Amino acid sequence: MSRPAARRAKQVPLRTHWIVLTMLLVCLSSMLLLNGYTHHMFGAAPDGAVRSTGGNAAVPRQIVNGGPVIDATAGTPRSVSPKARTIAITFDDGPDPVWTPKILDVLRAQHVHATFFVVGTEVAAHPDLARRIVAEGHQLAVHTFTHANLSNAAPWRRSLELSQSQLILAGATGVSTTLLRPPYSSEPSALTDRDWAALEQTRKSGYLAVLTSQDSEDWRRPGTNQVIANSMPRSTAGQILLMHDAGGDRSETVEALSKLLPRLKARGFRFATVSEAVGLPDPTRKAGPLDRVRGLVLIWVMRISDWILSVIGWLLYAAGALSVLRAITTVVAARRHARMRNWSYGPPVTEPVSVIVPAYNESAGIEAAIRSLVASDHPLEVIVVDDGSTDGTADLVESLRIPGVRVIRQANAGKPVALNTGLKAARFELIVMVDGDTVFEPDAVRKLIQPFAHPSVGAVSGNAKVGNRGGLIGRWQHIEYVIGFNLDRRLFDLAECMPTVPGAVGAFRRTALERIGGLSDVTLAEDTDLTMALCRDGWRVVYEESAIAWTEAPASMGALWRQRYRWCYGTLQAMWKHRGAMVQRGRAGKFGRRGLTYLMLFQVLLPLLAPVVDVFAIYGLIFLNPVRVLSVWAGFVLLQVAMGFYAFWLDGERPGPLWTLPLQQFVYRQLMYLVVIQSVFTALAGTRLRWQRMERYGSLQAPVVR
C-alpha cells in the first residue's frame with residue numbers, strides 16, 4: 001500500500017503526552033490510595049467491640065492499678081486519676097454531622113464542657129464541627145487519623161497516624177494537642193504488653209494517653225436507661241466517662257446525656273475537661289503557620305480524593321450501563337440482520353466490475369491477492385496501481401501475465417491518489433477496492449455487488465476476516481474482527497449509519513464516488529473518510545456478510561500498534577471533518593447523530609476511561625470487597641464470551657479461539673486503549689502523522705477454505 005500526501009506535513013514527535021498520562025495515573029493512584037487508607041483500611045469495628053488479648057508482664061504494676069491518664073515515660077511511668085466528684089465526659093469517633101451537633105446542643109444547654117477524641121478523617125470531612133467544638137470551650141484530643149488499632153500497627157504507621165491527625169487538627173482548627181486516646185483501649189487494668197509498647201512509642205512523640213474508668217457502653221445501643229445506668233458513678237471517685245458521638249446511630253446517647261447530666265449535678269458531681277479533671281495544664285496549643293498550611297492542603301487533598309472517587313464511581317456506573325446496553329443492542333441487531341440474509345435488494349447484478357488494487361511494496365502478498373481475484377466467479381478487470389514501490393511489486397504483477405490484469409505505475413503519492421488513478425482508468429460502473437494483502441473467496445465479488453440492485457446503495461462493506469490466526473496476537477485480532485467489527489457493521493447497516501467500508505473488501509458505485517469528488521487525502525483513514533462522505537451525500541452504505549475476504553493482520557505488537565494508531569487517528573480526523581452531519585437531515589443526519597455518536601461513545605470516550613477502570617479495579621481488590629470486584633469483572637468477561645459465541649456462530653466460525661478472551665483483557669485491551677489515548681493527544685496537539693506501512697509476510701498464499 002501507499003503513503004498519503006500528508007507525510008509532507010510537519011512531523012512533531014509526541015513524548016510529553018506519555019509523561020502527562022503517567023503523571024495523571026500516578027496522581028489518580030495516589031488519590032485512590034489515600035482514599036482507601038482513610039476510609040477502608042482500618043477502624044471498621046466500634047471501640048468496645050475489640051478487646052486486647054495477651055499477657056501484661058511488661059506493663060508496670062503502678063499503671064495497671066493506677067488512673068486512666070497515663071504518662072508512659074521510660075523508666076518512671078506514672079498515671080493520674082480525676083479529682084473526687086469530678087467527671088470528665090469524653091466522646092470518641094467524631095465529629096459526626098448528625099450526632100455531634102445534637103450532643104453539643106445538650107452540653108451547651110447544661111453548661112457542661114467535655115473532651116472530644118476526634119478521628120482525623122472525620123475532622124477533615126467536617127472541619128466546621130471541629131471548630132465549633134473548640135469555639136464552645138470543649139477540649140479536642142486525638143483518636144488517630146483513621147481509627148487504627150495502634151497496638152497492632154507497625155511503628156511507622158503509628159507515627160503516620162499521629163502526625164496526620166495533628167496536621168488535620170491544625171488545618172481545621174488552628175490548634176494542636178498532646179492528649180491521645182488509642183482506639184480500642186479501655187481501662188488501665190486491661191492493658192497488654194502490645195498496648196504498652198504502643199503507649200511508650202506515643203509518649204516519645206509527646207502524647208499523654210487517656211484511657212477510661214467508666215464505659216457507658218452506648219456503642220452496644222442497649223437502650224437509653226441502660227446507657228444512663230452504665231454511666232452513673234458507683235462512688236464519689238472522679239471518673240473519665242466514655243461515650244460516642246459517631247460510629248452509628250447515637251440517638252440513645254443524646255437522650256441519655258440530656259437526662260444524665262441533671263442527675264449527676266443533683267448528686268453533687270461537677271464536670272470538666274480531661275486536663276481540668278486531673279489538674280494538668282491545658283494541652284491545647286496554637287499550631288504554627290506551616291502546620292496550618294500543611295493541614296489545609298491535606299484536608300483539601302482528602303476532599304479531592306473523595307470527589308474523584310465519587311466521580312469515578314458514577315462514570316463506572318455509566319460505562320458499565322453503556323457497555324451492557326451496547327452488548328444487548330448489537331446482539332439484537334445482529335439477530336435481526338441475520339433474519340434478512342435471504343432478503344433481496346432487487347434483480348441479480350451481473351454487470352462486470354473494476355477491481356482497483358493500490359500497491360506500495362506489496363511483493364510478499366500481491367500474487368496471492370491477484371490470483372484470488374481472477375479466480376472470481378464474476379466478470380471483472382483488475383487494475384493494480386503501483387504507487388512508487390521499491391520492491392518490484394509492479395514487475396512481479398506484470399510477470400504473471402494474467403489476462404484482465406493491468407498495471408499502472410505512478411510516483412509515490414499516497415493511497416488515496418493511487419485509488420483515484422485507478423478510478424479514472426476503470427471501465428465499469430461498479431468499483432471494488434482491495435488492499436494488496438487481501439485474498440478473496442471465489443464468490444466474494446459477486447456477493448459483494450448484489451446490494452447495488454437497489455439504486456440508493458452507494459457502497460457495500462464486505463466481511464473481512466483474519467487469515468493469519470496463529471499465536472495469541474492473531475487469535476485476538478480474529479476475535480476482534482468477528483465480535484467487534486462484524487457485529488458493529490450489522491448494527492450500522494440496520495441503523496443506516498455505516499462509518500467505514502474497509503479497504504480490504506469494499507465496493508462502490510462509480511457515480512457516487514464521482515459525485516463526492518473521489519477519495520480525499522486529508523486523513524489517514526481514507527476508507528472511513530470516503531464512507532462518511534458518501535453517507536453525508538445521501539447514499540446508503542450496507543454490509544454484505546457473505547462476501548468474504550481474508551486479510552493479513554499484524555503479526556507483532558509493534559506492527560499492530562502502528563496499524564491501529566493510524567486507524568484510530570484517521571478515524572478521529574474523519575469524525576472531525578464530518579462533524580457537520582450531526583445537524584443535517586435525511587440519511588446524512590442519521591449517520592451523524594447515530595454513527596458519530598456511537599463512535600464517540602464507544603471508540604473514543606470509553607477507551608479513554610479504560611485506564612481509570614483498571615486503576616479502580618486494583619483499588620477495589622485492595623480496599624473494597626475483592627470477591628465483588630472479581631465477580632463484576634467475571635460478569636463482563638462472561639458477557640463478552642456469550643457475545644463471542646453468538647458472533648462466531650453467525651459468521652460460521654469455530655469458537656475455539658474464544659478461550660483466549662479473558663487473557664485479552666490483560667494485554668490486548670490495554671494496547672487498544674493506549675492507541676486511543678495517543679491518537680487523541682496527537683489530534684489535540686495538531687500533529688500530522690505520516691502513513692506507516694505494515695510489514696507484509698506473504699502468509700496468505702491461496703484462498704482460505706473454512
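Everything numeric in this text was worked out from a predicted model, so none of it was measured.
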Donor-acceptor pairs are to be reported for all side-chain atoms of residues 498-508 against protein atoms at under 3.5 Å, with residues two or more places apart or in another chain.
| from | atom 1 | to | atom 2 | distance (Å) |
| --- | --- | --- | --- | --- |
| Thr500 | OG1 | Thr528 | OG1 | 2.9 |

Legend entry - Spacing of CZ belonging to Arg446 relative to NE2 belonging to His378, to within rounding of 0.5 Å: 9.0 Å

Legend entry - Pairs satisfying salt bridge (Lys or Arg N to Asp or Glu O under 4.0 Å), at least one member in residues 636-646, at least two apart: none

Legend entry - Set of salt bridge (Lys or Arg N to Asp or Glu O under 4.0 Å) partners for Arg326, sequence neighbours left out: Asp488

Legend entry - Pro655: side-chain contact (heavy atoms from CB on, under 4.5 Å) partners, not counting sequence neighbours: Phe645, Leu658

Legend entry - Criterion ring pair (Phe, Tyr, Trp, His ring centres under 6.0 Å) against Phe492, the qualifying member of Phe602, Tyr543, Tyr598: Tyr598

Legend entry - Result of checking Thr390, Thr393, Asn412 against Asn361 for side-chain hydrogen bond (donor to acceptor under 3.5 Å, both in side chains): Thr390

Inset, instruction - Check whether more than 12 heavy atoms from other residues, nucleotides or ligands sit under 6.0 Å from atom CZ of Arg628, and answer yes or no. - result: no

Inset, instruction - Using side-chain contact (heavy atoms from CB on, under 4.5 Å) as the criterion, list what pairs up with Ile618, not counting sequence neighbours. - result: Ile622

Legend entry - Residue list, salt bridge (Lys or Arg N to Asp or Glu O under 4.0 Å) with Arg409, at least two apart or on another chain: Asp395, Glu398

Legend entry - Electrostatic pair Asp521-Lys415, nearest N-O below 4.0 angstrom: no

Inset, instruction - Determine the sole option in Tyr668, Phe648, Phe485 for which the ring pair (Phe, Tyr, Trp, His ring centres under 6.0 Å) test with His478 is passed. - result: Phe648

Inset, instruction - Quick one: list whatever passes salt bridge (Lys or Arg N to Asp or Glu O under 4.0 Å) with Arg509, sequence neighbours left out. - result: none

Inset, instruction - Run the salt-bridge test on Glu544 and Lys447 with the 4.0 Å N-O cut-off and return the result as yes or no. - result: no

Legend entry - With Ala318 via side-chain contact (heavy atoms from CB on, under 4.5 Å) - residues at least two apart: none

Legend entry - Any residue meeting salt bridge (Lys or Arg N to Asp or Glu O under 4.0 Å) with Arg341, in chain and number order, not counting sequence neighbours: Glu545

Inset, instruction - Could I get the full list of side-chain contact (heavy atoms from CB on, under 4.5 Å) partners for Leu325, not counting sequence neighbours? - result: Thr329

Which side-chain N or O atoms in residues 346-358 pair as donor and acceptor under 3.5 Å with protein atoms at least two apart or in another chain?
| from | atom 1 | to | atom 2 | distance (Å) |
| --- | --- | --- | --- | --- |
| Ser354 | OG | Glu381 | OE2 | 2.5 |
| Ser354 | OG | Arg427 | N | 3.3 |
| Ser354 | OG | Phe428 | N | 3.2 |

Legend entry - ring pair (Phe, Tyr, Trp, His ring centres under 6.0 Å) partners for Trp633, two or more places apart: Phe666

